[in-house]
2 protein chains.
Amino acid sequence: MKTPPEIIAQLTHSKRGFSKSELKVVDAILLDPESATRASIAQLAQLAGVSEPTINRFCKKLGASGFPDFKIKLALSLASDARFVNSAVDADDDVGTFTPKIFDASVNALTRVRDSIDTKVIQRSIDQIVQSKQIYFFGLGNSGPVAADATFKFFRFNTPVSSHHDPLMQRMLAAASQTGDLFVMISHTGRTTSLLETADIARRANATVIGITAPESPLAARCDLAITLDVPENTDEYLPMTSRLAQLTVLDVIATGVSLRQGQAHIPHLRRIKESLHDTRQPIDSAV
Amino acid sequence: MKTPPEIIAQLTHSKRGFSKSELKVVDAILLDPESATRASIAQLAQLAGVSEPTINRFCKKLGASGFPDFKIKLALSLASDARFVNSAVDADDDVGTFTPKIFDASVNALTRVRDSIDTKVIQRSIDQIVQSKQIYFFGLGNSGPVAADATFKFFRFNTPVSSHHDPLMQRMLAAASQTGDLFVMISHTGRTTSLLETADIARRANATVIGITAPESPLAARCDLAITLDVPENTDEYLPMTSRLAQLTVLDVIATGVSLRQGQAHIPHLRRIKESLHDTRQPIDSAV
DNA sequence: ATTAAAATGTAATCGAATTACATGTTTAAA
DNA sequence: TTTAAACATGTAATTCGATTACATTTTAAT
């Protein structure tokens, strides 16, 4: 996809020297960019309180061939970028307002991680998992459920897998581990003392430790492989929201990678899992 | 944001009765949709070999107010399509290729749910949660970790909250429940027999049951409130990937709603939680 | 204070889009 | 098979929006 000229970005980060009336235009557009894509040059001129040629010149200044072209570029910009405006939830937002905001924040986080993640580390993680004899997913607190989820995801491969959120159990398993054992430790902060100690213990036992955590965190430094997620999370206001999503998606990626590596080898295994679940479900056309 | 009329979709799935010359227009546009957004009506008319009014009528037929409006809608359609390339992971993809694909699939699912979710039901769910005396999150299998995650999320409110993934325990709690108790049952398929029974038991006990599940599923029909998530998931190939993310985000939304409703009331409670965690963490500047 | 350059507006012009109307084409009924 | 009515399409006129040329105002520098 060719990089579109991000009109909205140019409007918000008004680095460019905008003149007085050009700023009026910026304001008028940002007030309701959506409807600006539908307005005529006259309407927008009136709304901004400037003349029509001013609008026109403004459009050209931003790289459009004219006003109609500008509207299209603006629309494109809205569709891709501005839909995910990371606007904070406001105290007097109603459901219809804050619901998309939260979804957008999640989407934002995911696209950001997508664009910043180190796929080489992912690749090496996949290599390690394929080679491992046994896989443990460790997480504490909010990351506990993520580890548990990973178990379900990796269960379809033939390697024994389990998740643990009890620090003592984690420590015991780490101490009893050996070469070929793989620990995936999940921690948003990467600063949970107990998990750091467990990581050290596991590495001393010659097991492999992969961390899914924050860049430059103590945990990242202690792992054989650190998958670092750059998720901006204002943990001061809320408990982690978006980091779990990023962690889960990264685990999806790794699972997919392992799956691709194994080719069709595990398909029969997967079918057996599916079949085992069948009797727990109501048939599709059951009376509701 | 209002659901955009997907022009491209209307063009490709030419279900609508297009006439001879209208088909010429479709072809001309699909030949190079990108440049069609930049063409004038005369250019496009020539390219398609039809008259200008034909183009104009065609645009109106597809729901645009005219040709310029059509171009904008087309541009929007292109942009969103490009972003949501739901291209399946290919057997010979390398990490750098399938990693963004999976992230995009997740983003895709979230935006789709965002645009299709019924915020009125969300609102009523928030109402119920605020009024409830006790909250239980139930999930089985893949949804178990989601329920567990919800516990962490809702713990910051003063209402007692717990999650359970043992069907017997779920059933016991449902049987022992009473008015004021709230059950949030999470199931991607909405067809897990055990959970359906538990829902019935809970409702007979006058507890409230909220479902986070598939539209038109047995579970949705059995709940007081059904938050239905329209997540396309090819469960045949892979175990659920994106549905968890949607479920988690919906729970984030609800938690946020409850939080807003309570205003600052729970802030001291939240601070206490934070402080309790402090000693488990390494200080930021600890030696790495 | 004066002048040049930049910014903005006015008004004329140009061009694109739309509409009204005429012509041709298909379809169905006689 | 013929005929009329509905539909599809094109031509030409018209309208409306966008653009340009030019005049005026504002700003900044000497």
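Owing to the predicted nature of the structure, the values given are computational and were not obtained by experimental measurement. Chain letters run A, B, ... following the sequence lines, proteins first and then strands; every chain starts at 1.
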Nearest-Å distance for atom pair CZ/P, residues A:F67 and C:dG15: 20 Å
Atom pair OG/CD1 of B:S243 and B:I212 - distance to nearest 0.5 Å: 11.5 Å
Whole-Å gap separating C1' (C:dA16) and NZ (A:K71): 12 Å
Distance test, side-chain N/O of B:T54 to OP1/OP2 of D:dG10, below 4.0 Å: yes
Spacing between B:I55 atom CD1 and D:dT11 atom P, to the nearest angstrom: 14 Å
Spacing between B:E52 atom CD and D:dA12 atom P, to the nearest angstrom: 12 Å
Heavy-atom donor-acceptor pair, B:T37 side chain to B:E34 backbone, under 3.5 Å: yes
Euclidean distance, atom CG of residue A:L44 to atom P of D:dT19 [Å, nearest integer]: 13 Å
Distance-only side-chain donor-acceptor flag, B:D252 / B:T249, under 3.5 Å: no
Which residue lies more 5' along DNA chain C, comparing B:P53 with B:K20 via nearest heavy atoms: B:P53
d(CD1, A:I41; P, D:dT15) in whole Å: 22 Å
OP1 or OP2 of D:dT9 under 4.0 Å from side-chain N/O of B:S21: yes
Donor-acceptor pair between A:E52 and A:N56 side chains, under 3.5 angstrom: no
Closest to side chain of A:S51, choosing from D:dG10, C:dG9, D:dT19: C:dG9
Sugar-phosphate, base or nothing in reach of A:K60, heavy atoms under 4.0 Å: sugar-phosphate
d(CZ, B:R57; P, C:dT19) in whole Å: 11 Å
Nearest-Å distance for atom pair CD1/P, residues A:I72 and D:dG17: 17 Å
Listed nucleotide nearest any side-chain atom of B:N56, set C:dT8, C:dT19, D:dA8: C:dT19
Donor-acceptor side-chain pairing of A:T256 and A:S259 below 3.5 angstrom: no
